[in-house]
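Reviewing the structure listed below.
No experiment lies behind these values; they were computed from the predicted model shown. In what follows, every heavy atom counts, from backbone to side chain, and hydrogens, waters and symmetry copies are set aside. Below, chain A is the first sequence line, B the second, and so on; all start at residue 1.
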Amino acid sequence: MVVSVGLVVMLALLLWVLADGGWRAIREFGLHFIIGRDWNPVSGRESYGALPFIFGTAVTSLIAMVLAMPIGVGVALFLNESGSAWIKNPLAVLVDLLAAIPSVVYGIWGLFVLVPLFDHTVQPWMSASIGKVPIIGDLFTFNGPGGDIFTAGVILAIMILPIVTAVTREVVSVVSSETREGAMALGATRYETIRLGVLPTARPGIIGAGMLGLGRALGETIAVALVIGNSTRITASLFNPGYTIPAVIANEFREATSAGVHRSALLFLALLLVLIALGMATVSRLLVRRTTRLLGGDVAAQEEAATSTLGMA
Amino acid sequence: MSATVPAIEVPRTISSQRRTKDRIFSIALWASVVIALIPLLLIVYRVVRLGLAAVSVSLFAHTALPANMAGGGMKQAFLGTAMIVGIAIVISVPLGVLTGIYLSEYGSGRIASVVRFTAEILLSIPSIVAGAFIWALVVVALGSFSGLAAGVALTVIMWPIMARATEEVLRLVPTELREGGLALGYPRWRVIMRVVLPTAGAGVLTAIMLAVARGLGETAPVLLTALGNDFVNTNPMKPTDAVPLRVYNYVQSAYPAWRALAWGGALMLLLGVLVLSVTARMLSIRQQRRMR
């Protein structure tokens with residue numbers, strides 16, 4: 001038991017160390033830290049405005065979620081509601097394998113394969129088509145090759161797909177078979193059963209799955225650092241380079257090892273990141289739990305689903 | 001009898017509009033599965049193809065050559081990863097397994113639910129944050145980046161994974177076995193040691209393997225704590241190299257020879273992680289079958 005409580009102590013210590021380390025930055029820069037756009041660690045001209053990183057993190061994660069949610073839910077529904085076991089089980093394992101791939105492997109693939117592909121075909125094409133549409137067109141202006149926010153979002157979408165799928169499956173699997181059979185008995189097609197029976201009941205849990213995915217996307221470091229282009233300019237186009245909170249920590253911690261505002265600023269960013277991620281995880285967990293409990297599903301089945309979620313994620 | 005029932009017009013067919021919607025929906029589900037699997041295939045294909053080209057004896061037997069010379073290897077990175085992951089295993093296995101035992105065998109009280117919840121949300125901690133935490137705590141305190149700090153940083157990530165996974169496999173052990181042991185007059189801890197753990201056996205190993213698979217591939221926490229090293233280092237208190245780290249550095253280099261090595265390293269990482277995950281998965285499926 002002592003050992004187990006250690007886990008709680010560790011979390012508390014983590015929050016305390018980051019808060020204590022980040023205190024100095026927030027005291028010196030206050031609100032400017034969050035809304036300022038100028039990030040300059042050069043001593044003598046130091047200024048820490050973290051808005052470019054906050055912006056980049058939010059935008060890449062949102063792109064990831066918008067792309068991963070429909071596909072993740074689709075895969076989960078496929079694996080739970082249709083198809084036969086001989087095809088479902090291997091498919092489930094394959095999707096889970098996406099979660100096992102190390103992020104640096106995503107990074108090397110992203111930088112050498114996805115970035116050139118997007119530069120030469122996808123982005124010029126999107127820019128020439130959607131880019132012409134008024135108002136939203138600005139989001140898709142192509143300004144030349146190199147890493148960018150959009151590519152980072154796509155990589156993140158691939159990376160969070162397994163967790164979105166796993167949690168959605170967990171929720172959908174406890175929608176009781178009565179709901180399903182009832183709808184079928186009324187003559188509903190499979191589409192109607194899912195659309196009118198399964199999805200509304202499972203909705204809070206599916207939102208929870210999305211939030212967990214968003215939390216994962218926010219904190220992903222290495223793959224994003226390699227493909228996003230690392231630029232602190234905030235621009236309208238998604239095809240321009242950006243920067244994220246984890247990426248700046250990974251790139252600048254070396255210069256910030258000596259005590260100073262720079263170190264403090266990075267630790268404060270880490271604190272910000274962990275608070276958002278923990279908030280997302282907590283709300284998501286509660287939503288999923290409420291859904292599964294509300295439906296009074298088989299507890300053992302839930303536990304099992306949770307294991308498989310855990311196992312690979 | 002059937003003649004007395006007023007005839008109700010029961011449509012025998014589903015309207016074509018509904019049928020079309022259902023058809024489109026099925027296609028959409030299939031499409032999402034295909035879209036989900038395409039990246040997996042592309043990544044594995046590319047890494048295997050370019051990685052195999054870079055794998056040779058020298059990848060494991062030599063350290064880096066000067067920048068633009070072909071050949072060379074990342075021996076120091078493999079040794080460093082072995083050391084860092086070894087340290088992480090030594091620290092996190094006892095912590096993780098004990099926490100799992102506590103949650104499964106004594107875990108009905110209030111404290112246990114707090115611990116369980118903490119473990120659950122710790123799973124969502126961004127790995128770079130674990131790195132920043134240990135960087136601020138250990139690296140700054142010791143005044144040097146080190147393999148030890150990296151091992152501790154990986155522990156932050158592996159402990160909760162192992163705890164939750166161990167809890168789940170121990171819960172699969174039938175209650176009757178525990179009751180049998182207790183009825184024979186064994187104290188609780190002996191029942192756990194002699195009955196529960198041996199029965200779960202391979203399951204606990206699965207939990208450990210999953211956590212190791214995760215730790216093996218982590219780059220960000222190792223970057224912030226071990227820093228990297230161009231040479232072989234066996235002192236756990238000094239900066240140490242690791243495979244994910246070396247791949248990350250070489251990916252960003254301008255030299256083709258180093259980029260080629262990066263693909264070789266990436267292939268080794270992918271192989272290690274996939275072998276561990278798939279073996280763990282197969283063990284756990286077999287285990288669950290045996291328990292039922």
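Heavy atoms of B/Leu224 lying under 4.5 Å from chain A belong to its backbone as well as its side chain. Heavy atoms closer than 4.5 Å to chain A are found in both the backbone and the side chain of B/Val156. For A/Val8, the parts sitting under 4.5 Å from any heavy atom of chain B are the backbone and the side chain alike. Interface remark: A/Thr221 contributes side-chain atoms only to the contact with chain B (heavy atom separation under 4.5 Å). Only the side chain of A/Leu226 comes within less than 4.5 Å of a heavy atom of chain B; its backbone N, CA, C and O stay farther away. At a 4.5 Å heavy-atom cutoff, the contact between A/Leu267 and chain B is made by side-chain atoms alone. Looking at A/Ala157, there are no atoms closer than 4.5 Å to chain B (heavy atoms on both sides), in backbone or side chain. For A/Leu14, the parts lying under 4.5 angstrom from a heavy atom of chain B are both the backbone and the side chain. Both the backbone and the side chain of A/Ile71 have a heavy atom closer than 4.5 Å to some heavy atom of chain B. At a 4.5 Å heavy-atom cutoff, the contact between B/Val47 and chain A is made by side-chain atoms alone. Within the 4.5 angstrom heavy-atom criterion, no atom of B/Leu267 approaches chain A. Interface remark: B/Ala119 contributes backbone and side-chain atoms alike to the contact with chain A (heavy atom separation under 4.5 Å). B/Ser26 touches chain A through backbone and side chain together, each having a heavy atom under 4.5 Å away. The part of A/Asn251 that comes within reach of chain B is its side chain, from C-beta onward, which places non-hydrogen atoms under 4.5 angstrom from that chain. Both the backbone and the side chain of A/Ile108 come within contact range of chain B, judged by heavy atoms closer than 4.5 Å. For A/Val17, the part sitting under 4.5 Å from any heavy atom of chain B is the side chain, from C-beta outward, and nothing else. At a 4.5 Å heavy-atom cutoff, B/Ala213 makes no contact with chain A through either its backbone or its side chain. Proximity to chain B is limited to the side chain of A/Ile158, based on heavy atoms less than 4.5 angstrom apart.
With a 4.5 Å cut-off on side-chain heavy atoms, A/Trp109 and A/Ile101 do not count as touching. No side-chain heavy atom of A/Leu212 sits less than 4.5 Å from a side-chain heavy atom of A/Val164.
Looking only at heavy-atom pairs under 4.5 Å with chain A, the residue among B/Leu37, B/Leu103, B/Ile35 that has the most is B/Leu37. Per-residue heavy-atom pair counts under 4.5 Å with chain B were compared for A/Leu266, A/Val73, A/Asp20, A/Leu98, and the maximum is reached by A/Leu98. Among A/Leu269, A/Leu11, A/Thr165, A/Val95, the residue making the largest number of heavy-atom pairs under 4.5 Å with chain B is A/Leu11. Looking only at heavy-atom pairs under 4.5 Å with chain B, the residue among A/Ile194, A/Leu218, A/Leu15 that has the most is A/Ile194. With respect to chain B, the highest number of heavy-atom pairs below 4.5 Å among A/Gly107, A/Gly219, A/Pro102 belongs to A/Pro102. Ranked by heavy-atom pairs under 4.5 Å with chain A, the first of B/Val273, B/Leu223, B/Leu137 is B/Leu223. Your options are B/Met209, B/Lys21, B/Arg23, B/Glu120, and the one with the most heavy-atom pairs under 4.5 Å with chain A is B/Glu120. The choice from B/Phe117, B/Trp30, B/Trp159, B/Tyr248 that makes the most heavy-atom pairs within less than 4.5 Å of chain A is B/Trp159. Interface summary for chain A: among B/Ile134, B/Val247, B/Ile43, the most heavy-atom pairs under 4.5 angstrom belong to B/Ile43.
Residues A/Glu255 and A/His262 bring no donor and acceptor atom of their side chains to less than 3.5 Å of each other. Side-chain contact annotation: B/Glu218 with B/Ser127, donor-acceptor N/O pair under 3.5 Å present. Side-chain atoms of A/Ser264 and A/Trp23 include no donor-acceptor pair closer than 3.5 Å.
Salt-bridge annotation for A/Arg216 and A/Glu220: absent, with no side-chain N of the basic residue lying under 4.0 Å from a carboxylate O of the acidic one. Between A/Glu170 and A/Arg285 there is a salt bridge, with a side-chain nitrogen of the basic residue lying less than 4.0 Å from a carboxylate oxygen of the acidic one.
In this structure, B/Arg188 forms a cation-pi arrangement with B/Tyr106, its terminal cationic atom sitting closer than 6.0 Å to the ring centre and no more than 45° off the ring axis.
Residue-environment remark: CZ (B/Arg18) exceeds the threshold of 12 foreign heavy atoms within 6.0 Å.
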Report task. Begin from the C-alpha positions of B/Glu167 and B/Arg164 and carry the test salt bridge (charged side-chain N to carboxylate O under 4.0 Å, His left out) through to its verdict. Result -> CA-CA 5 Å; B/Glu167 180 193 1; B/Arg164 288 287 285 147; 2.8 Å; yes

Requested in this report: Go through the steps for A/Glu192 and B/Arg19 under the test salt bridge (charged side-chain N to carboxylate O under 4.0 Å, His left out), then give the verdict.
Outcome: CA-CA 10 Å; A/Glu192 286 156 354; B/Arg19 193 194 299 263; over 6 Å; no

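When atom types are taken as modelled, the side chain of A/Ser284 and the backbone of A/Gly208 share a donor-acceptor pair closer than 3.5 angstrom. Distance alone, capped at 3.5 Å, is enough to place a donor-acceptor pair between the B/Asp22 side chain and the A/Tyr191 backbone. The backbone N or O of A/Gly147 sits nowhere less than 3.5 Å from a side-chain atom of A/Thr151 that would complete a donor-acceptor pair. Judged purely by atom type and a 3.5 angstrom limit, B/Thr166 has no side-chain atom pairing as donor or acceptor with the backbone of B/Val97.
In this pair, B/Phe145 and A/Phe253 present their aromatic rings perpendicular. The plane angle is above 60°, beyond the 30 to 60° band.
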